[in-house]
Visitor: 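There's a structure below that I have some questions on.
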Amino acid sequence: MAKRRSNEFGDLLDIPGVGKSLAGDLRLLGITDVASLRGTDPEAMFMRLCSLRGRQDRCVLYVFRCAVYFAETAQPEPEKLKWWNWKD
């Protein structure tokens, strides 16, 4: 997997489905790198982001679920790295 690191976002852009906008949202939530996602609750992250920025598209929650899986799984399944597979 190619790394897309930048000085501003560190390794957050390595997370499937995360671009600069969502990386900025993660940083707003105190997530500064992939490792800091381990053990987090995607639903709680989503609710907190909604409280900080207002209503968010539900797809953001799906990306957060995928991101936590990515951070916590050493050998992730390719299908689980597609955010749309994390829908309710």
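Every heavy atom of this structure was used, including side-chain atoms; hydrogens, water molecules and symmetry mates were not.
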Visitor: Would a 4.5 Å heavy-atom cut-off, applied to side chains only, mark Arg27 and Leu12 as touching?
Guide: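 Yes; the side chains approach each other to less than 4.5 Å.
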
Visitor: Less than 4.5 Å apart, any side-chain heavy atom of Val18 and any of Phe70?
Guide: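 No, side chains not in contact.
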
Visitor: Which pair of heavy atoms, one from Val63 and one from Gly17, lies closest together, and at what distance?
Guide: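 Nearest heavy atoms, Val63 then Gly17: CG1-O, 3.9 Å.
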
Visitor: Please check this pair: side chain of Asp33 against backbone of Asp11, looking for a donor-acceptor N/O pair closer than 3.5 Å.
Guide: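 Answer holds: no.
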
Visitor: Charged N to carboxylate O under 4.0 angstrom, Glu43 versus Arg65?
Guide: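 Judged by the 4.0 Å cut-off on N to carboxylate O distance, Glu43 and Arg65 do form a salt bridge.
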
Visitor: Measure the CG-NZ distance between Asp25 and Lys20 for me, rounded to the nearest 0.5 Å.
Guide: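 Asp25 CG to Lys20 NZ: 14.5 Å, rounded to 0.5 Å.
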
Visitor: Flag the pair Asp88 / Arg58 as yes when at least one side-chain heavy-atom distance between them is below 4.5 Å, and no otherwise.
Guide: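 The answer is yes; the side chains approach within 4.5 Å.
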
Visitor: For the side chain of Trp86 and the backbone of Lys80, is there at least one donor-acceptor N/O pair under 3.5 Å apart?
Guide: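 Flag set: sc Trp86 to bb Lys80 pair under 3.5 Å.
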
Visitor: Just wondering, do Arg53 and Leu28 contact through their side chains at under 4.5 Å, heavy atoms?
Guide: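 Counting from C-beta outward, Leu28 and Arg53 do come under 4.5 Å.
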
Visitor: Measuring from Met45:CE to Thr40:OG1, what's the distance to the nearest 0.5 Å?
Guide: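 Atom-to-atom, Met45:CE and Thr40:OG1 are 5.0 Å apart.
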
Visitor: Determine whether the aromatic ring centres of residues Phe64 and Trp83 are separated by less than 6.0 angstrom.
Guide: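 Between Phe64 and Trp83, which both carry aromatic rings, the centre distance is not below 6.0 Å.
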
Visitor: Do Leu22 and Ile15 have side chains that get closer than 4.5 Å, going by heavy atoms?
Guide: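 Answer no - side chains too far apart.
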
Visitor: Could you check Tyr69 against Leu81 for side chain to side chain contact (heavy atoms under 4.5 Å, CB included), going step by step and ending with a plain yes or no?
Guide: CA-CA 8 Å; Tyr69 171 79; Leu81 295 178; 4.2 Å; yes

Visitor: When rounded to the nearest 0.5 angstrom, what distance separates CG in Leu52 from CG in Leu29?
Guide: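 Leu52 CG to Leu29 CG: 6.5 Å, rounded to 0.5 Å.
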
Visitor: Any donor and acceptor pair, going by atom type alone, linking the side chain of Glu72 with main-chain N or O of Gly39 inside 3.5 Å?
Guide: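 Side chain of Glu72 to backbone of Gly39, a donor-acceptor pair under 3.5 Å: yes, one is there.
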
Visitor: Just wondering, do Tyr62 and Cys66 contact through their side chains at under 4.5 Å, heavy atoms?
Guide: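 No, side chains not in contact.
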
